[in-house]
Amino acid sequence: MNEILFFVKEAPEGGYTARALGESIFTEADDLDDLHQQVRDVVHCHFYEGKAPEIIRWHFVREEVMMV
């Protein structure tokens, strides 16, 4: 695996959450700097040594509600 994709959302209670597509990886943090470190850590913990992807790609998801 060359890369892994994370969907990043703002958490309703504050901070951010990140969930990997196709893997059972989830983490959260208070700010984006901490989230970067958390994602790196969980990716390295999730995969066997030497099997972690080389690229971590982020896709920011923003939910909005609009009244009609």
Side-chain angles (χ1 to χ4, degrees):
M1 173 184 298
N2 188 34
E3 68 179 50
I4 188 167
L5 173 65
F6 278 84
F7 290 106
V8 179
K9 294 172 61 174
E10 289 185 48
E13 62 279 356
Y16 296 89
T17 63
R19 183 176 305 277
L21 180 65
E23 297 289 341
S24 298
I25 304 174
F26 174 84
T27 191
E28 57 190 355
D30 292 331
D31 57 52
L32 288 176
D33 288 336
D34 288 342
L35 190 64
H36 281 133
Q37 189 59 49
Q38 290 287 351
V39 168
R40 283 188 194 102
D41 290 347
V42 297
V43 166
H44 287 291
C45 289
H46 183 79
F47 293 96
Y48 293 110
E49 191 171 320
K51 300 292 183 180
E54 296 174 17
I55 298 169
I56 299 172
R57 189 175 303 274
W58 294 46
H59 178 78
F60 285 84
V61 179
R62 182 174 160 178
E63 185 176 324
E64 293 185 19
V65 177
M66 182 173 64
M67 301 301 292
V68 182

Side chains of residues 55-68: which donor-acceptor pairs under 3.5 Å do they make with residues two or more places apart or in other chains?
unit_1: Arg57; atom_1: NE; unit_2: Glu3; atom_2: OE2; d: 3.0
unit_1: Arg57; atom_1: NH2; unit_2: Glu3; atom_2: OE1; d: 3.0
unit_1: Arg62; atom_1: NE; unit_2: Glu64; atom_2: OE2; d: 3.1
unit_1: Arg62; atom_1: NH2; unit_2: Glu64; atom_2: OE2; d: 3.2

Other residues, nucleotides, ligands: >12 heavy atoms within 6.0 Å of Glu49 CD:
no
For a 4.5 angstrom cut-off between non-hydrogen side-chain atoms, does Asp30 reach Tyr16?
no
Looking only at the side chains, is there a donor atom on one of Gln37 and Asp41 sitting less than 3.5 Å from an acceptor on the other?
yes
For Thr27 and Leu35, the nearest pair of non-hydrogen atoms, with its separation, is CG2-CD1, 4.1 Å
Any link between Leu32 and Ile4 through a network of hydrophobic side chains (Ile, Leu, Val, Met, Phe, Trp, Tyr) touching at under 4.5 Å?
yes
For the SG atom of Cys45 and the CZ atom of Arg40, what is their distance to the nearest 0.5 Å?
14.0 Å
Side chain to side chain contact (heavy atoms under 4.5 Å, CB included) for Phe6 and Val43? Distances and angles first, verdict last.
CA-CA 11 Å; Phe6 278 84; Val43 166; 3.7 Å; yes
Min side-chain heavy-atom separation Val39-Ile25 under 4.5 Å
no
Can you tell me how far apart CZ (Phe26) and CD (Gln38) are? Round to the nearest 0.5 Å.
11.0 Å
If I take atom CD from residue Glu28 and atom CZ from residue Arg19, how far apart are they, to the nearest 0.5 angstrom?
10.0 Å
